[in-house]
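Note sheet for the following structure.
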Amino acid sequence: ATTKTKIGDFEFENCFMNAAGVYCYDKNELEQVINSQAGTFVTKTATLQSRPGNPEPRYHDTNLGSINSMGLPNLGFDYYLEYLLELQKTHPDRTFFFSLVGMSTEDTHALLKKVQESDFKGITELNLSCPNVPGKPQIAYDLETTEKLLTDIFSYFKKPLGVKLPPYFDIVHFDQAAAVFNKFPLTFINCINSIGNGLVIEDESVVIKPKNGFGGIGGEYIKPTALANVHAFYKRLNPSIKIIGTGGVLTGQDAFEHILCGASMVQIGTTLHKEGPSAFERITNELKAIMDKKGYKTIEDFRGKLKYL
Ligand SMILES: CC(C)(C)CCc1c(C(=O)O)[nH]c(=O)[nH]c1=O
């Protein structure tokens, strides 16, 4: 069996990659993903200026997953763009993802205009969990603002673009969000980002310093929500908008389920943080074994073919 895949006009030898935020902070970490079995990588979400992020401890692993309130620590847009342009010379046959977020609408447009004007030939992932104006929920939970933002972006941005989405939990929100995304020539949507503002306690204390311990939840805790978001959007979106599945992938079986729900690419976050880049080889082999046993030659043989009772 082969686990190769396609997103937009791009082919990838393997349908696995890191989730933004994990193993993607600098060239050293990104090089390790390039040299692993991963089909590609996405950078840490870049902002216009570099950011130190929140005070530590800001990430904590648990038996069932992780919690984080990193606060967008990153080396700044120019660092990642320069590296991505260098990779276009050294790895001309590969396509990489550039994750971005503006701390304001103005910043978001400034970032995307710089990408548009640059020689970057890869795929851009816009993090819609980005903050909104104070007193309003994150952008992706404010669909009016999301629609306005995407309308403005697509008036000048002509390169492949996808959005990283937080989980939705109400069927009506799936309907409303899909109706917005279907209006735009998105290359993909990525479901899901961590489940926001969870709380992990050990003994009598929170485990991370920022936000009184509140943070995004990843790992085993979130697979049911991740699978539901992947499948809900798979059923609602124009087939031209591919789905990247992220959340709760520990094994080949978990990846199989994401693809069954409609994912064309699977991102690994918490498991990659815990296990390191060798996780890509393990999970790829586990998925191939499942496909061989079931007689599936490519992921298209079962992608989106989740059975109902
Ligand atoms: C939560 C934000 C800081 C607004 C975006 C960056 C981000 C972070 C982070 O940098 O804290 N952590 C996540 O699990 N997902 C994210 O999208």
Side-chain angles (χ1 to χ4, degrees), residues 17-26 29 41-62 64-77 79-80 97-108 111-112 124-142 145-146 149 162-168 188-200 206-223 225-226 229 244-249 267-274:
M17 61 187 288
N18 66 300
V22 183
Y23 261 89
C24 54
Y25 177 75
D26 59 17
E29 291 188 344
F41 69 61
V42 58
T43 64
K44 169 64 189 173
T45 300
T47 48
L48 218 42
Q49 308 302 327
S50 65
R51 290 169 52 91
N54 288 332
E56 297 181 328
R58 59 196 187 183
Y59 181 102
H60 185 89
D61 282 320
T62 71
L64 292 175
S66 65
I67 184 169
N68 89 85
S69 202
M70 307 297 285
L72 264 174
N74 74 95
L75 294 170
F77 174 85
Y79 174 92
Y80 300 104
F97 289 69
F98 193 1
S99 176
L100 300 172
V101 76
M103 295 312 287
S104 67
T105 304
E106 295 69 33
D107 275 12
T108 296
L111 284 163
L112 289 170
T124 298
E125 179 176 277
L126 178 63
N127 187 337
L128 286 186
S129 286
C130 42
N132 203 342
V133 296
K136 290 186 81 175
Q138 62 175 291
I139 300 280
Y141 287 159
D142 174 352
T145 301
T146 296
L149 178 63
V163 289
K164 176 73 172 285
L165 300 171
Y168 298 93
F188 70 92
I189 66 166
N190 182 348
C191 299
I192 60 175
N193 204 324
S194 50
I195 296 181
N197 296 303
L199 194 54
V200 168
V206 302
V207 297
I208 56 173
K209 189 179 177 85
K211 296 176 62 177
N212 290 333
F214 282 60
I217 303 296
E220 283 185 68
Y221 301 112
I222 76 168
K223 188 175 77 170
T225 296
N229 276 259
I244 296 182
T246 306
V249 178
Q267 292 189 345
I268 303 176
T270 299
T271 300
L272 176 59
H273 189 274
K274 290 182 176 180

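Just so you know, ligand 1 is whichever comes first in the structure, and atom 1 is the first atom listed for that ligand.
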Close side-chain approach of K44 and E29, heavy atoms under 4.5 Å = no

Scanning both residues in full, the closest heavy-atom pair of P52 with R58 reads O-NH1, 2.9 Å

Is the closest heavy atom of Q138 to ligand 1 under 4.0 Å?
-> no

Kindly determine whether Y59 and T270 satisfy side-chain contact (heavy atoms from CB on, under 4.5 Å), including the steps that lead there.
-> CA-CA 10 Å; Y59 181 102; T270 299; 4.1 Å; yes

Do S66 and D61 come close enough that some side-chain heavy atom pair is under 4.5 Å?
-> yes

Could a heavy atom of T45 be found less than 4.0 Å from some atom of ligand 1?
-> no

Examine C130 against ligand 1 and note whether any of their N/O atoms are separated by less than 3.5 Å.
-> no

If you count the atoms of ligand 1 from 1 in the order shown, which ones are under 4.0 Å from a heavy atom of G71?
-> 9 (C), 10 (O), 11 (O)

Sub-4.0 Å atoms of ligand 1 with respect to non-hydrogen atoms of K44 | 10 (O)

Inter-residue atom distance M17.CE - L272.CG, 0.5 Å rounding = 11.0 Å

Are any of the heavy atoms in S194 under 4.0 Å away from ligand 1?
-> yes

So is M70 polar-close to ligand 1, meaning N/O to N/O under 3.5 Å?
-> yes

Which of L111, L72, L48 passes side chain to side chain contact (heavy atoms under 4.5 Å, CB included) with M103? It is L72

Are T246 and N190 close enough that a side-chain donor and a side-chain acceptor fall under 3.5 Å?
-> yes

So, do F97 and Y80 have ring centers that fall under 6.0 Å from each other?
-> no

If you count the atoms of ligand 1 from 1 in the order shown, which ones are under 4.0 Å from a heavy atom of S129?
-> 4 (C)

Does an N or O from N68, backbone or side chain, lie closer than 3.5 Å to an N or O of ligand 1?
-> yes

Are any non-hydrogen side-chain atoms of Y79 and Y25 less than 4.5 angstrom apart?
-> no

Heavy-atom contact under 4.0 Å between G21 and ligand 1?
-> no

State the atoms of ligand 1, each with its element, that fall below the 4.0 Å cut-off from a heavy-atom position in N193.
-> 13 (C), 14 (O), 15 (N), 16 (C), 17 (O)

For N127, counting its heavy atoms only, list the atoms of ligand 1 lying under 4.0 Å from any of them.
-> 5 (C), 6 (C), 16 (C), 17 (O)

Within the structure, does L72 bring an N/O atom to less than 3.5 angstrom of an N/O atom in ligand 1?
-> yes

